[in-house]
Structures are given as structure tokens and as C-alpha cells.
2 protein chains.
Amino acid sequence: MFSIGELSKRTKVKVPTIRYYEEMGLLAEAERTSGNQRRYDKEGLERLSFIRHARDLGFSIEAISSLIELQDHPDRSCEAATDIAVSQLADVRAKIKRLKLLEKELTRISKGCDGHGVSEDCYVLASLADHELCEREH
Amino acid sequence: MFSIGELSKRTKVKVPTIRYYEEMGLLAEAERTSGNQRRYDKEGLERLSFIRHARDLGFSIEAISSLIELQDHPDRSCEAATDIAVSQLADVRAKIKRLKLLEKELTRISKGCDGHGVSEDCYVLASLADHELCEREH
DNA sequence: TCTTGAACCTCTAGTCACTAGAGACATTAC
DNA sequence: GTAATGTCTCTAGTGACTAGAGGTTCAAGA
């Protein structure tokens, strides 16, 4: 049994974040010492590692909730789990697509001005003021 | 002179968002009718278009504030403007990089399970539980 | 056993860039 | 004149935390 600070060190999840996850129902309410401090065991560690890994991969708290539901019922179909992963993947791909468009536009805009002039003539400012100067939609 | 609703239509920025920008100091306080409703002119329209375009490109409210500062002082050096654009670009590139790593990992994870089994054997859940199963850092 | 200092507790509020809703007032079209 | 639509301010909610206040508990050393 170890404290929340120890759990934090082992998982690299900050202490207030652990408490937050508990409040959100991702972590079961921890056992307490007589002095009301939380104590964790291996199971708590594993569950928090799961949560952290999923968060690192960009899954929302809500999605993780569903995944944990499934984890707790080993007999259920895992269709929902793959659905969640696939939709997260689609999400990531959509974000990449959009960011690539932004990257192109920002590259173009940044190159348009060397920063040595005055703001009246600045291509960066002109580009922002006038969407027509953009080469494509973003 | 036109109303906030009209401005909203022309710029595709929602009415509460316009009010929010005013509160944040991005838009000057609008003139009012005798009945206290906001009225805008061409200048207001142009400034809001600028803001919207910059937001679309992912600039923060704070960054836009600085850009507007510069716009209002045409004689100043535009170095700060290019700095902001370049740093925004770096930000976008960093995000793309990270998302690409996530994409790879999620693709691998998603492919590992067809969704037809039970959750106990699900590779998606196993992958999330054990970072060691990942091929690279993300 | 006592003391000290670090770690822990709960609670509230702040972050960012909005969005939603309530309840009241203004404008516009007919 | 009336009815419908638009606008006003204000408060609270979103997601996923983070920061801080003010108080309590724990573990280690004297």
C-alpha cells in the first residue's frame, strides 16, 4: 500500500490530477488510512497507468470511462473498444489534415515578411487582414 | 451602421463571440443606439474579419491582441508580428509531429483487434494497459 | 516520546475560448 | 398597435486540469 505521492511518482500523473480522476469516476475511491489519507495498491497503479496511457494517446475522459467499463466486464464484446479507438484515430487524422493546411498557409505568410520593415507594410498583418491573400482554404 | 446580428452574418462569427471579443479588448467598444444596442461600421467589420482569420489560423487571443497593437501603430517595426507568426508556425509543426506519432500508434492498436472477440482478449485494451506494447514513444 | 517538516486533506477559483440559458428590453414589419 | 424577432446583461457550464488557502496527518530523527 502506498500514498498518492508515491503513486504520482510511479505513474508520472500529478497528485491533483489523480484526485481529479477519482472525482470523475475513472478511479475507484481509494482506501483511506485512519487519518483519511488515500492508499493504493497494484490494482490502483495499473488502472492509473491505463488512464495515463489513454490520455497520452488523446482519448477523452469520457472515452476512457467507456473503455474502463469494458475492462471491468471481460466477457463483453470488445466492439465498443475498437470503435472508440477507430474514432480516435479518425479524429487524429482530421486534426493532422487541418494542421497541415495551417502549416502551409503560415509558412507562406511568415516568408512574406522578414520583420525588418514597419507594420504598415507587413505582409503578415496584411495576410491576416485579408483572407483573399491566402492560397487555399484552411 | 449595422447591428451585431448583421456583423455576425457577414463575418460568420457568432453574436456572443463578438461580445466576448469586445470584453477581451480585441474589439473597441461599439457605438450604441439610444436603446443600448451595438452598431458597427466598415472598420468594425474589418477588425473582426482580421480577428476571425487569425483565430482560424490558430493564433491565441493574446497573440491577436499583440498583432492588433501593431496594426494600430503603422510606424512601428513589424518584427513582433513575424515573431508571432513564426512561433505559431513552430507550434503547429510540433502538434503535427506529435499527432503523427499518435496516428501510427493508434493505427497499430486499432488493427490489432477486429472487434469480434470479448474484451478480455481485446488488443486495444491490452495496448492501453501496457505501454510496453507500443512500438515507439508518443 | 516529542518535534519538525514534508506530504496530505478539502474546497474554491482560475485557465482558454467560447457556448448556453434566463429574464428583460429594443427594433422592425405588418 | 401588436407580434415576432433581435438584442441586452448576467451567470454558469464546457474539458481537463492547475493553483492556492488553510488545515491535518505522517514518518523520521533527537
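Being a predicted model, the structure only gives us computed values, none of them experimental. So you know, we letter chains A, B, ... as the sequences are listed, proteins then strands, and number each from 1.
- Rounded to whole Å, atom P of D:dG6 lies 14 Å from atom CD1 of B:I18.
- Residues B:R55 and B:Q37 both approach DNA chain C. Their nearest nucleotides, taken by heavy-atom distance, put B:R55 toward the 5′ side.
- A:R19 comes within 4.0 angstrom of a base, heavy atoms only.
- The local environment of CD in B:E6 is crowded, with over 12 non-hydrogen atoms from other residues, nucleotides or ligands closer than 6.0 Å.
- A close approach under 4.0 Å does occur between a side-chain nitrogen or oxygen of A:R32 and OP1 or OP2 of C:dT10.
- The side chain of B:T17 places no N or O atom within less than 4.0 Å of a non-bridging phosphate oxygen (OP1 or OP2) of C:dA17.
- Following rounding to the nearest Å, A:E62 (CD) and D:dT14 (P) show an atom-to-atom distance of 12 Å.
- Of all heavy-atom pairs spanning A:I51 and A:I64, the tightest one is O-CD1, 3.9 Å.
- Taking the nucleotide of DNA chain D with the nearest heavy atom to each of A:N36 and A:I61, the more 5' of the two is matched to A:I61.
- Protein atom CE of B:M1 is 20 Å distant from nucleotide atom P of D:dG6, rounded to whole Å.
- DNA chain D is contacted by both B:R39 and A:S60; B:R39 maps to the nucleotide lying nearer its 5′ end (nearest heavy atom per residue).
- One atom, NZ of A:K9, and another, C1' of C:dA7, lie 10 Å apart when rounded to the nearest Å.
- Taking atom CZ on B:F2 and atom P on C:dT28, their separation rounds to 14 Å, with Å as the unit.
- Crowding of A:E79 atom CD: a count of heavy atoms from other residues, nucleotides or ligands under 6.0 Å not exceeding 12.
- Atom-to-atom, OH of A:Y20 to P of C:dG14 comes out at 18 Å; the value is rounded to the nearest Å.
- Listed pair A:K14 / D:dT18 meets the phosphate criterion, a side-chain N or O lying under 4.0 Å from OP1 or OP2.
- In this structure, the OH atom of A:Y21 is 11 Å from the C1' atom of D:dG15, given to the nearest Å.
- Look at B:T33 and you'll find a side-chain N or O under 4.0 angstrom from OP1 or OP2 of C:dT27.
- Cation-pi geometry between A:R10 and A:Y40 is not satisfied (NZ or CZ under 6.0 Å from the ring centre, within 45° of the ring normal).
- The separation between A:R38 atom CZ and D:dC26 atom P is 14 Å, rounded to whole Å.
- Remark: A:D72 engages A:R47 in a salt bridge, criterion side-chain N to carboxylate O under 4.0 Å.
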